[in-house]
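Report on the following structure.
Numbers here are sequence positions counted from 1.
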Amino acid sequence: MVELAPGSVILWDTLTLSAEPLRGRCDILVVARVKVQTSGRKDFDEYRINFELNRHHGLVSHDTEVLSPAAGADEPLWRYSGRRDLVVAVKNRFLTTQLYSHVAGQLGWTPERHVDLVRAPLDP
């Protein structure tokens with residue numbers, strides 16, 4: 001298991017996730033954005049994390065980039081970051097979401113649960 005870098009705090013309320021099934025490989029492609037604060041700093045870094053999950057092999061590929069706030073017009077806004085600790089933390093969080101259950105169900109990894117909405121009166 002990979003531990004989060006010392007002094008780093010993931011601001012989980014800033015996490016945005018999207019996922020899509022890659023039916024040809026039976027994988028899930030996940031794109032996440034999250035902000036991370038380092039102790040001693042008031043500001044935060046924003047990360048874009050892409051990873052691919054396979055039912056049998058787990059994490060098969062990943063890419064982490066950090067937003068470069070001082071990028072000029074001729075420089076890329078995102079630059080490579082080797083923060084595998086963030087990939088593992090976000091992957092573990094993703095595995096507990098309804099989004100994972102839904103996409104995994106589409107690929108046949110888990111039985112997809114259908115939620116029936118109950119029509120109830122607003123006033124008791």
Side-chain angles (χ1 to χ4, degrees):
M1 178 165 200
V2 177
E3 294 291 324
L4 198 57
S8 292
V9 176
I10 297 175
L11 306 175
W12 288 114
D13 59 332
T14 66
L15 177 66
T16 58
L17 291 168
S18 65
E20 65 178 89
L22 301 175
R23 296 190 191 281
R25 294 194 295 260
C26 199
D27 290 355
I28 298 174
L29 175 64
V30 180
V31 178
R33 288 179 79 155
V34 70
K35 295 177 182 174
V36 177
Q37 191 169 26
T38 306
S39 63
R41 292 180 51 197
K42 290 185 180 185
D43 58 343
F44 51 82
D45 292 321
E46 185 172 349
Y47 288 87
R48 181 169 58 186
I49 302 165
N50 303 301
F51 58 91
E52 191 173 327
L53 293 174
N54 179 277
R55 180 179 188 178
H56 303 290
H57 304 288
L59 187 65
V60 292
S61 69
H62 63 86
D63 180 45
T64 308
E65 299 171 305
V66 63
L67 183 62
S68 180
D74 58 342
E75 296 178 30
L77 292 176
W78 296 92
R79 61 180 168 78
Y80 174 77
S81 169
R83 298 279 312 257
R84 182 169 167 79
D85 59 333
L86 295 180
V87 175
V88 172
V90 169
K91 175 196 66 111
N92 291 341
R93 177 63 66 103
F94 170 70
L95 292 175
T96 65
T97 65
Q98 289 180 345
L99 178 59
Y100 167 73
S101 297
H102 175 70
V103 177
Q106 288 179 334
L107 292 171
W109 293 8
T110 60
E112 191 170 5
R113 295 184 187 106
H114 295 284
V115 178
D116 294 325
L117 297 177
V118 177
R119 293 200 178 262
L122 295 176
D123 294 326

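Across every non-hydrogen atom of Asp27 and Leu107, the tightest pair is O-CD1, 3.4 Å. Asn54 and Cys26 make their closest contact through ND2-O, 4.3 Å (heavy atoms, listed as atom of the first residue, atom of the second, distance). Scanning all heavy atoms of the two residues, the minimum distance from Ala19 to Ile28 falls at CB-CG2, 4.0 Å. Between Leu11 and Phe44 the shortest heavy-atom distance is CD1-CB, 4.4 Å. Across Glu20 and Val103, no two heavy atoms sit closer than the pair C-CG1, 4.1 Å. The two residues Arg55 and Gly108 make their nearest non-hydrogen contact at NH1-O, 3.5 Å.
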Audit row: Leu59, Arg84, side chain to side chain contact (heavy atoms under 4.5 Å, CB included) steps and yes/no: CA-CA 11 Å; Leu59 187 65; Arg84 182 169 167 79; 3.6 Å; yes
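Between Glu52 and Arg25, the closest side-chain pair of non-hydrogen atoms falls below 4.5 Å. For the pair Arg93/Tyr100, no side-chain contact is recorded, criterion being any heavy-atom separation below 4.5 Å from C-beta on. Side-chain atoms of Trp78 and Val66, non-hydrogen and from C-beta on, never get closer than 4.5 Å to each other. Taking 4.5 Å as the limit, some side-chain heavy atom of Leu67 sits within range of a side-chain heavy atom of Leu77. Looking at heavy atoms from C-beta onward, Leu29 lies out of side-chain contact with Leu53 at the 4.5 angstrom threshold. Side-chain atoms of Thr96 and Asn92, non-hydrogen and from C-beta on, never get closer than 4.5 Å to each other. Residues Tyr80 and Asp63 are in side-chain contact: their nearest non-hydrogen atoms beyond the backbone lie under 4.5 Å apart.
Under a hydrophobic clustering in which Ile, Leu, Val, Met, Phe, Trp and Tyr are joined whenever their side-chain heavy atoms come within less than 4.5 Å, directly or via other members, Val31 and Trp12 fall into different clusters. Residues Val90 and Val60 fall into different hydrophobic clusters, defined by Ile, Leu, Val, Met, Phe, Trp and Tyr side chains chained together at heavy-atom separations under 4.5 Å. Leu4 and Leu95 end up in the same hydrophobic cluster when Ile, Leu, Val, Met, Phe, Trp and Tyr side chains are linked at under 4.5 Å. With hydrophobic clusters built from ILVMFWY side chains whose heavy atoms lie under 4.5 angstrom apart, Leu22 does not share a cluster with Trp109.
Note that the CD atom of Glu46 and the OG1 atom of Thr14 stand 7.5 Å from one another [nearest 0.5 Å]. Rounding to the nearest 0.5 angstrom, the gap separating the CG atom in Asp43 from the CD atom in Gln37 is 8.0 Å. Rounded to the nearest 0.5 Å, atoms CG (Asp13) and NZ (Lys35) are 9.0 Å apart.
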